[in-house]
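Residue numbers count from 1 along this sequence. Remember, it's 1-based here, ligands and their atoms both numbered in the order they're listed.
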Amino acid sequence: MLRKYCVILVVLLQICLSYSFYVKTKRVCVIGAGIAGLASARYLKENGINFTVLEATQYIGGTWRYDPRTGTDEYGQPLHTSMYKHLRTNLPKPTMELKDFPLPEHLPSFPSWRDYYLYLQAFAKHFDILKYIKFLHNVIQVRRVGDVWKVKHEYLLTNETFEEDYDYVIVGNGHFSKPNMPNIPGEELFKGKIIHSHDYREPEPYRNRRVLVVGAGPSGMDIGLDVADVARRLVHSHHSRINFTTPFPPQYIKKPDIQEFNETGVIFKDGSYEEIDDVIYCTGFHYYVPFVDESSGLTVQPKSVVPLYRYMVNINQPTMIMMGLVVRACLVVALDAQARYATALIAGNFTLPPRDDMMLEWQRRMDSIRSKGLPDSYIHILAEKEDQYYAEISEESGTERVPPVMFKIRALDTEAKLENLYTYRNYEYTVIDDHTFTRKLEDPAVRRSLNP
Ligand SMILES: Cc1cc2nc3c(=O)[nH]c(=O)nc-3n(C[C@H](O)[C@H](O)[C@H](O)COP(=O)(O)OP(=O)(O)OC[C@H]3O[C@@H](n4cnc5c(N)ncnc54)[C@H](O)[C@@H]3O)c2cc1C
Ligand SMILES: *[C@@H]1O[C@H](CO)[C@@H](O)[C@H](O)[C@H]1NC(C)=O
Ligand SMILES: *[C@@H]1O[C@H](CO)[C@@H](O)[C@H](O)[C@H]1NC(C)=O
Ligand SMILES: *[C@@H]1O[C@H](CO)[C@@H](O)[C@H](O)[C@H]1NC(C)=O
Ligand SMILES: *[C@@H]1O[C@H](CO)[C@@H](O)[C@H](O)[C@H]1NC(C)=O
Ligand SMILES: *[C@@H]1O[C@H](CO)[C@@H](O)[C@H](O)[C@H]1NC(C)=O
């Protein structure tokens, strides 16, 4: 009898041991040490999960690090950052904060890139994350072989390549680095200089010049006004249907889409012509994950990455998480929430629905977009669904929810932008509780302390 119990006990013990062994040896590869990678690292560490962050540059912070150079860096790698000298955040402080780590009180409501970059450095230090990051390790291939991810990366100091097996991959390589170039007829004739906003650094080269800015997204508007400060003439070509009520300066001229370039300028779709010295394409970016192999089951196109569950889980290989593919949202708190969700998934706190169910849900969304004649890129837009998204992913994963007040702040901030792009950053937003906030005009003295 006793012997029988002993045998059962031993078997039980073995099951427990092999289970804990399995749990302990799960290995996670995080690609990139921008906000996506840093937030992931923080939660993976807190949950005692074995992980490594591979970062191609020698810096954390991704696009938030300003680099005066353009083109390639000292390792021959394309410069990742799209940051420019005068950039201030386009969302107010509460929506730019990672969980339990507030931005310093003394900073203005919309901090400069420099202050925000310092914040990310302080975050990495506070959560003691740097030791998990392998800097100058550029991921060149991620392949699915059997039940593991084979991650190949090169160390840029020696050109040595490595390949390791991982159970999970969190892809946080950023989506604002690969320029979308519009390719307009006659570009090759044009004698002036054409750049993309990815390579825009400062307005000074445009002083007293006739500059064409193309596109009215966040970059087009922000860079347009930055350049309008010094330009002789700022020609803004776009087809946005937004009614901008901003009091643009007299040197600002709105034009429709471009018909073609010639040597000296641009002919627009309305037949009008403008002499132009320099062009800045603020035409957005392409999704670009060159290292993700087709064995991942993902279809990556310039404007869409599919199929994804919850805007992040690769449905065909659900041990791969694609971070930050949501559009029109508070990206920082969204990335933070996605990092919590990914960690809870890896920790085994919850399980995903069966593949067919995830696929069905995704297909339904895609069909609805296509039936309206909209492009596939709409699959990434959260917009008015943002708060619902936070509710759903938190409920499914048992992780902390991004409170509704974030979405409400973004909504009012968007209104303020439409009203006046010169003044929307003068407001200070204070969170009262999960649902309410107050807004007041910021004391101008605070802004004088801006750290440009
Ligand atoms: C000009 C500009 C202004 C912005 N302003 C705001 C704002 O005001 N508010 C806001 O919320 N968001 C803003 N954003 C969005 C911004 O992208 C997010 O805030 C956030 O930085 C995204 O973080 P990420 O980690 O996803 O990507 P990134 O910051 O781009 O970081 C990606 C990291 O991955 C690394 N990497 C890339 N490829 C590889 C590889 N093959 N192997 C290893 N490492 C690799 C890169 O070197 C980089 O460090 C702005 C973006 C831009 C470009
Ligand atoms: C993580 O896993 C690797 C490979 O199995 C191992 O070498 C390393 O010691 C592990 N780290 C921790 C902290 O368990
Ligand atoms: C690594 O490769 C690059 C480009 O191929 C080359 O320029 C560089 O010299 C190499 N570095 C080393 C240490 O071999
Ligand atoms: C913009 O203003 C015009 C004229 O006032 C109006 O017809 C149009 O509907 C407005 N568009 C939007 C998107 O509000
Ligand atoms: C470019 O086109 C405009 C408008 O047709 C014309 O006035 C101008 O002379 C052209 N420039 C050159 C160099 O042909
Ligand atoms: C997973 O569950 C454990 C136990 O309830 C909890 O301590 C941990 O915070 C959870 N992890 C995440 C990322 O939510």
Please report the C-alpha distance between D115 and K93 in whole Å, then the side-chain angles of each, then the deciding distance to 0.1 Å, and finally whether the salt bridge (charged side-chain N to carboxylate O under 4.0 Å, His left out) criterion is met.
CA-CA 11 Å; D115 280 331; K93 272 161 80 178; over 6 Å; no
Taking the side chain from H196 and the backbone from H198, do they hold a donor-acceptor pair closer than 3.5 Å?
yes
Interatomic distance, E202 atom CD to Y84 atom OH [nearest 0.5 angstrom]:
13.5 Å
Heavy-atom contacts with R340 under 4.0 Å: which atoms of ligand 6 show up? List them by number with element.
13 (C)
Would N349 count as a polar contact of ligand 6, with the cut-off being nitrogen or oxygen pairs under 3.5 Å?
yes
What pair of heavy atoms forms the shortest contact from L98 to A39, and how long is it?
CD2-CB, 4.3 Å
Location of contacts on E46 toward ligand 6, heavy atoms closer than 4.0 Å:
neither
Starting from the N and O atoms of ligand 3, collect every protein N/O partner closer than 3.5 Å and put each pair on its own line with the distance to 0.1 Å.
residue  : atom   : partner : partner atom : Å
ligand 3 : 2 (O)  : N159    : OD1          : 3.4
ligand 3 : 2 (O)  : N159    : ND2          : 2.3
ligand 3 : 11 (N) : N159    : ND2          : 3.0
ligand 3 : 14 (O) : N159    : ND2          : 3.3

Test log, rule salt bridge (charged side-chain N to carboxylate O under 4.0 Å, His left out), inputs D73 and R69:
CA-CA 8 Å; D73 66 11; R69 299 171 296 177; 5.5 Å; no
Under 4.0 Å from any heavy atom of T399, which atoms of ligand 6 are there?
14 (O)
Can you tell me if R439 uses its side chain to pair, donor with acceptor, with the backbone of T430 under 3.5 Å?
no
Check ring-ring contact (aromatic ring centres under 6.0 Å, His included) between W362 and all other residues, then give those that pass, not counting sequence neighbours.
none
Do R143 and K152 come close enough that some side-chain heavy atom pair is under 4.5 Å?
no
What are the atoms of ligand 2, with element, lying closer than 4.0 Å to any heavy atom of R27?
1 (C), 2 (O), 3 (C), 4 (C), 5 (O)
